[in-house]
Amino acid sequence: MHTKNTILVVDDEEMIKRKLVDVIAGEYDVMEASNGKEALELLAEHLNEIAVIVLDLVMPVMDGFAFMEEFRKHEEYENIPVIVATSNEDEYSEKRCLEAGVWDFVMKPYNPVLLQFRIKNAVEKSRMIMAERDSVTGLYSKYKFYRSVRQMLSEASDQTFAFIRFDIDRFKMINNFYGIKEGDKVLKSIASELRRIETVFDDFIYGRLENDVFAVCMPFKEENIDLLANALQINMKKVNKDYNIKVSCGVYVIKDYNMDVSEMYDRAFLAAKNCKGKFVQSVAYYDESMIENMRQEQFIINEVNKALEEEQFEVYLQPKINLVTDRSYGAEALVRWIHPQRGMISPGEFIPIYERNGIIGRLDYYMWSHVCKLLRKWLDEGKNPNPISVNVSRVNIYNPRLVEIFKKLITEYQIPAHLLNLELTESAFMEDQNLVMTTMSKLHKLGFKIMMDDFGSGYSSLNVLKDMEVDYLKVDMKFLQQDQGFNGKGEKVLTSVIRMAKWLHLPSIVEGVETMEQVDFLKCIGCEYAQGYYYAKPMPIADYEAFIAHEEEMGAKIGANDNTGIVGELWNTRSSVSLFFDMLDVPVAIYEYRKDKLELLRSNSKYDTVIGLEGELDESERDRRMEEERLILQEAFEKLVVGDFCEPMEYEISDDIWYRLTAKMVGKREDTMIMMVTYNDISNYK
Ligand code: C2E
Ligand code: CA
Ligand code: CA
């Protein structure tokens, strides 16, 4: 094997070829071809000498891609590494090359040291592959295993075969905790178990492909596969009782015998991913949807650069509703991908993929800067926008430049930090609490408000909350729908979550609110904000602007915010504010006012005294006094509806007893208003 010491250089440019030969001639023999066709001819003749191919992509007669296509058809070339020399930095061609089976890349013009290093690496790697046995377990190596599978399938008569790939969950952990020796012990025991199983079946080929990855090819029968998986699992228990090892098997039932073995492997691998992280399941079968998912995933990854460049991602806004006033207070920015061919793609389809691949950092930044730009636009138009919150994905929290990035953004767009709220998902708080805390306190110093997103979905406890400087809690409604239905345990949990959040002076936003019952319930337990389809779905910016304009048109500007908390508490008859309300020395009442109809919702006893409702009154007398009161209030309320506020009005209730009435709108939804009325005795000043 060591006689294979020839590098085949395929390039049409003489100059480049000369330079390349200069670089490598000292250590290797060099063979030259000017295009793919010549290279194939040389390969056929000198198969046993050629160790590595250095391939140009752009050539006349037959280019690099066409060469690879032909090259791949020959199984005997499988162990010859191809290094592509390219001046084309384009990622797409790099990807195409990888798909075509290229091992490595070097950039033109060549860096001699780097090139030599790459070639040396490739030669070594191919030698390793050429070795038929794995040195740790003595099993077939990947190369030998693949060849044997090929051989077995070509001789197979009418049997159906299965390709099984398996590995050990968290094998790295065993190596790290117990040492490499212990890791090797585990691998060896798998090998001996496989040797034992081999004696049971007729056609049974197996090998160790890499690290903890093994593969088996055998006639397909479901019970035999279960047998294999069980045997492996039971064997694992014997190796070491201290830790639980789980084996995950992916099975591809071979349909097409001409398929590349590496492709069979890929399918079995896709299937294996399906039982990763699941406690019970240790066998999963490949089905077509998996490859479809993988293609979809590839598509989503491949398209991202273009999508970012062409601004295919759009900011959608979902209003957050203040539950006391029933008016919106800001919104959450949610990404939507409007793909030119595929239409709208929802974030559930691409965010998890981007999170796995680290691409999410760029998408997050895209969203943040677009939101900043939008806020700038609103400010320039003289609007007085409420805060917009953006999502900060988990990986970003560990970005050491995060604080700097936000600082730069608000400086660049000249927007006050309090207008940009940051939603951090709960699970991010659990990992490295110290880091998260320092990051948050820096963000706070800059004036940002932070929301803990998805509270209740993971493992966090309120205990953690008290140490964390968050400003708002976002709780997901969905998490209580899952278990017990609306009247179940979840309701109690939500109630206590909101209550405890109040103790920590943390306002809560409940997300995913879809029904009126849920809204009523949330109001009852004193939740401050809600977000959900009941009020509004996430919508394009223009729609959101129309939504806000409409809201402003419907309701006069109201200074509700200073009262929101108190009025919210009032609905809850047992709350401390409610008790306080009753004890107040000032007469106070809350009315609902709608199209000239007035209804008393709540009043304290002082109030009842002032309007003469205390004591035992007969029905008609009571109605008469209420009617009097209504007339007075009607006048006040009408002023409130027309203008933004109502001058206090003075009334002589009875001889020489003067009261000043103050009415204030504390909430509004469509044409229904919530009014708070107080009376002050001003007789002494008259
Ligand atoms: P999230 O941050 O928890 O966002 C809330 C999700 O709930 C949104 O889904 C929203 O459309 C949906 N939703 C709102 N109200 C209701 C309702 O009443 N019923 C139901 N069933 N769903 C409701 P969406 O927009 O599909 O986003 C899903 C997730 O994707 C988000 O969950 C967030 O984790 C992530 N995401 C969305 N946009 C971005 C973004 O710009 N950056 C990052 N990093 N993640 C984002
Ligand atoms: Ca969110
Ligand atoms: Ca959420």
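One-based numbering, in listed order, for ligands and for the atoms of each. Sequence positions, counted from 1, serve as the residue numbers for this chain.
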[X]-ligand 1 polar pair, N/O distance under 3.5 Å:
X: Tyr533; answer: yes
X: Val335; answer: yes
X: Asp453; answer: yes

Geometric cation-pi criterion, Lys273 with Phe269: 6.0 Å, 45°: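 Geometry flag: set, cation within 6.0 Å and 45°.
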Cation-pi check, Arg342 onto Phe299 ring (under 6.0 Å, within 45° of axis):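 Pair Arg342/Phe299 counts as cation-pi.
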Can you tell me the N, O or S atom of [X] that's nearest the Ca ion (ligand 2)?
X: Glu423; result: OE1
X: Glu332; result: OE2
X: Asp453; result: OD2

Would you kindly say whether [X] and [Y] are connected by a side-chain donor-acceptor distance under 3.5 Å?
X: Trp378; Y: Glu545; result: yes
X: Gln318; Y: Glu332; result: no
X: Glu314; Y: His370; result: no
X: Tyr252; Y: Asp266; result: no

Mode of Pro538 contact toward ligand 1 - side chain, backbone, both, neither (heavy atoms, under 4.0 Å):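 It is the side chain that touches ligand 1; the backbone stays farther off.
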Proximity to ligand 1 by part of Arg336, non-hydrogen separation under 4.0 Å: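 The answer is the side chain.
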Aromatic ring pairing Phe350/Phe313, orientation class (parallel under 30°, perpendicular over 60°, tilted between):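 Answer is tilted, since the angle falls between 30° and 60°.
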Glu423 side, atom CD; Leu334 side, atom CG - distance, nearest 0.5 Å: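 With rounding to 0.5 Å, CD (Glu423) is 7.5 Å from CG (Leu334).
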Asp454: numbered ligand 1 atoms lying under 4.0 Å from its heavy atoms: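 By the 4.0 Å cutoff, the relevant atoms are 3 (O).
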For Gln318, the ligand 1 atoms whose distance to one of its heavy atoms is below 4.0 Å: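 Close to Gln318: 14 (C), 15 (N).
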Option whose closest heavy atom lies nearest to atom 21 (N) of ligand 1, chosen from Glu514, Lys474, His370, Glu332: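 Comparing heavy atoms across Glu514, Lys474, His370, Glu332, the nearest one to atom 21 (N) of ligand 1 lies in Glu514.
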Of the listed options Leu334, Leu363, Asp364, closest to atom 44 (N) of ligand 1 (non-hydrogen atoms):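 Selected option, by shortest heavy-atom distance: Asp364.
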The Ca ion (ligand 2) to nearest N/O/S of Ser389 less than 3.0 Å: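 Ser389 does not place any N, O or S atom closer than 3.0 Å to the Ca ion (ligand 2).
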